Number of protein chains: 2
Amino acid sequence: MAKDDITIYEIAKEAGVSPATVSRVLTHSARVSPAKKTVVEQVIKKYHFQPNAAARSLIDTRTHIIGMMVADIRNPFYASVVVECELAAQRRGYTLVLCNLLDDKQLENRSLENLYAQRVDAIIQIGSRVDDRCSDPDYVNRVRRISQRIPFITTGKLDGVENCWRINLDQRRSLAIALEYLMALGHQRIAFLGGRWDVSSTWIMRQSFIRFAKAHHLYVCPEYIIDSNYDETGGYQAFTKLWAYMPQPPTACVCVNDFVALGVYKALRDHGMRIPQDMSVMGFDNTYLARLAEPGLTSMDYDYPAFGEQLISLALAAAQDQNPPHLQYLIPQMVIRQSTAAASDRTP
Amino acid sequence: MAKDDITIYEIAKEAGVSPATVSRVLTHSARVSPAKKTVVEQVIKKYHFQPNAAARSLIDTRTHIIGMMVADIRNPFYASVVVECELAAQRRGYTLVLCNLLDDKQLENRSLENLYAQRVDAIIQIGSRVDDRCSDPDYVNRVRRISQRIPFITTGKLDGVENCWRINLDQRRSLAIALEYLMALGHQRIAFLGGRWDVSSTWIMRQSFIRFAKAHHLYVCPEYIIDSNYDETGGYQAFTKLWAYMPQPPTACVCVNDFVALGVYKALRDHGMRIPQDMSVMGFDNTYLARLAEPGLTSMDYDYPAFGEQLISLALAAAQDQNPPHLQYLIPQMVIRQSTAAASDRTP
DNA sequence: ATGAAAGCGCTAACAA
DNA sequence: TTGTTAGCGCTTTCAT
């Protein structure tokens, strides 16, 4: 520990009591006579004493630390979730340890081990390999092993890990809300831009998209679903590709996230098309980018404070063996801005 | 600790050696005969054993944890710094504990105490009360106390805290680069939009702005410097105010950060002005917003990887009593995009 | 080179 | 109600 670190022994000595009594005052774990309690509290205050968290967690069954692995905190979606998780954790006296995975499997593995070494009470992972449609077997093994000791919570999935809890965004529902809205505006030809088939959440979105479109007799063709990465360059490329060989141009684009939507914005401008007059655009995640965009981007919102609350309370429930449900869904909500409007062209 | 947690005793027993030997293998702290070493390593591998970090840090003088307090991780500037710090820390076998301060003094105080309770090896704070031009005396006292045990590193300042190290962005330099560039484009009337006088870094920026402008005979008037908050609404309001009572309209706006610049973008559009033809706009921090903006925003960049490296190596040097310099500067660099161009109007 | 034993700071039985 | 004591998991003398 730090140089001349103060301990409960010093406090005890100065207060004229035993270390145990100091501990009792600290933890409120047992009755202490008001007189001694006051003295102890004063000495504690005098030195601004804070018990050593490491020593505590050696005894306690809990470290009161939650490990959080996210793909990249620079993405505002993850940043929002992390902030809300941190607040929810704080409220319960828990601390968050954050790990960025940065698309680096090595780093992801090390982060996991590191959180285990810290004996965190639970691990929450958002993004990266829990988003794979087909879980990476190597990673599954790693997590399976660790999850025998530490509950593993994710917003994605990891096939074959027993001690795993999931909170999933209700993509089916999101797509339905989005498409119903666009249909009501008269859109019949809608494209789905961005993302990849091997990403679980994207796969679900696309499946939901196709099913809904078929069920509601929207115009559907494979050229309306375009792969891309998840940033604005992806959006730009996706739209460019869409435009290149298009049988019938769509009147609306649903984008896999806000970044991609902004890439589509740029592409539309470069093609001299106006938003929303010539093309309606929708994003997902309702990050602040949606608010910042010109025109404001209609986007699917997830109640982030509720999201954080749910993740943390799930993590703690699992850590306390309360057997919470293994799969929960988060209900989305649409935020309508200026990027969507009535279809300009209603020919089928 | 977790339920049936495995310890070095189990490892030792199964390997037929003493716990001390296992420890020696783990830490490479002393020679162990190759034979035993191999056995121990195999058992460790078999159980994927990771020594309990809390138990280690009880003995060790170091916890190998660095506490990081940032104003708000959702701001891409902070997010970038945090990611780079995390990488730099990882490289040295250190873990980062992140705290968001969220403009909540209570939370800021608690975060500080919490990091102390964890006996982190160093505390880095970016944003919030270390940005006050006049340091909050209460906070100074808190940090002063804690910094007697844990070195305190910041990108701002905290008057009267001895054990404090600073890495500051070289605002004077930044402003000079920005203004020289705009002057070279023929701009004579330049406004400085956004931020507040009571924020240290903004104050320095404005002082540098005024001094440079005077020294280079640019048109200077108080109406060209407008207060606002630091997000895009601030930028919008600042520009609106600027436009309301303007003796001579400027031909370029330097904005305190990229968010504010995007607010200015929006205001300009609402006034029917084009960027950069009617007005050049510059941002600061070169976040991805600058890249995303339409047109691309010219912005002042700080070498983020270097920034993270410098912060972490400074933190560790201070933690190891190596007496590093108490104040270092970070050299900025301008990234030119499409939001700046030759002045349209050269009348003084 | 190796093991026994002490101790890091704290809490929780167990006595008193 | 209070103090004494043992022990959490690890590392590190100190012997051997």
Side-chain angles (χ1 to χ4, degrees), chain A residues 1-41 43-44 47-65 93 116-121 149, chain B residues 1-41 43-44 47-65 93 116-121 149:
Chain A
M1 294 293 75
K3 8 219 156 177
D4 44 340
D5 215 13
I6 196 166
T7 71
I8 51 167
Y9 288 95
E10 276 89 58
I11 303 289
K13 186 185 274 182
E14 180 150 345
V17 299
S18 76
T21 300
V22 177
S23 174
R24 285 191 265 259
V25 172
L26 245 22
T27 58
H28 311 286
S29 60
R31 310 207 65 71
V32 173
S33 74
K36 300 211 171 194
K37 190 173 175 184
T38 322
V39 185
V40 170
E41 278 170 345
V43 180
I44 288 176
Y47 291 104
H48 298 275
F49 173 71
Q50 286 269 20
N52 185 318
R56 271 191 161 166
S57 54
L58 251 194
I59 310 177
D60 205 343
T61 23
R62 321 242 73 95
T63 54
H64 295 271
I65 301 177
Y116 171 60
Q118 294 201 49
R119 303 297 191 272
V120 297
D121 293 338
R149 315 200 162 281
Chain B
M1 294 293 73
K3 7 216 157 180
D4 45 340
D5 215 13
I6 194 164
T7 71
I8 53 168
Y9 288 95
E10 275 90 57
I11 302 292
K13 186 185 274 181
E14 180 148 347
V17 299
S18 75
T21 301
V22 177
S23 175
R24 285 189 264 260
V25 172
L26 245 21
T27 58
H28 311 286
S29 60
R31 310 206 65 72
V32 173
S33 74
K36 301 211 169 192
K37 191 173 174 184
T38 323
V39 185
V40 171
E41 277 170 346
V43 181
I44 288 177
Y47 291 104
H48 299 274
F49 173 70
Q50 285 269 21
N52 185 317
R56 269 191 163 166
S57 55
L58 252 194
I59 310 175
D60 204 344
T61 25
R62 322 240 74 94
T63 54
H64 295 273
I65 299 176
Y116 172 58
Q118 293 201 48
R119 304 295 191 271
V120 297
D121 292 339
R149 313 199 164 280

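All values reported here derive from a predicted model rather than from experimental measurement. We name chains A, B, ... by the order of the sequence lines, and we start the count at 1 in each one.
Residue A/Lys37 contributes atom NZ, which lies 11 Å from atom P of D/dT2 at whole-angstrom precision. Rounding to whole angstrom units, CZ of residue A/Arg62 and P of C/dT11 are separated by 16 Å. For the pair A/Asp5 CG and C/dG9 C1', the interatomic distance rounds to 9 Å; values are reported in whole Å.
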Write down the protein N/O and nucleotide N/O pairs, taken from nucleotides 10-14 of chain D, whose separation is under 3.5 Å; answer none if there are no such pairs.
from, atom 1, to, atom 2, distance (Å)
D/dC10, OP1, B/Asn52, N, 3.0
D/dC10, OP2, B/Ile8, N, 2.6
D/dC10, N4, B/Tyr9, OH, 2.9
D/dT11, OP1, B/Arg56, NE, 2.4
D/dT11, OP1, B/Arg56, NH2, 2.9
D/dT11, OP2, B/Ser23, OG, 3.0
D/dT11, O5', B/Ser23, OG, 3.3

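In this structure a side-chain-to-backbone donor-acceptor pair under 3.5 Å is present from A/Ser57 to A/Ala53. Judged purely by atom type and a 3.5 angstrom limit, B/Asp121 has no side-chain atom pairing as donor or acceptor with the backbone of B/Arg62. The backbone N or O of B/Pro19 sits nowhere less than 3.5 Å from a side-chain atom of B/Ser23 that would complete a donor-acceptor pair.
Looking at A/Glu41 and A/Thr38, their side chains never bring a donor and an acceptor atom within 3.5 Å of each other.
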Notebook entry, point to check: Where do A/Asn52 and B/Gln118 land on the side-chain contact (heavy atoms from CB on, under 4.5 Å) test, with the steps shown first?
Noted result: CA-CA 6 Å; A/Asn52 185 318; B/Gln118 293 201 48; over 6 Å; no
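Considering only the side chain of A/Leu58, C/dG9 comes nearest among D/dG3, C/dG9, D/dT2.
The side-chain contact (heavy atoms from CB on, under 4.5 Å) with B/Phe49 is formed by just one residue from the set B/Val40, B/Val43, B/Ile11; it is B/Ile11.
In this structure, B/Ser33 reaches the C/dT2 phosphate: one of its side-chain N or O atoms is under 4.0 Å from OP1 or OP2.
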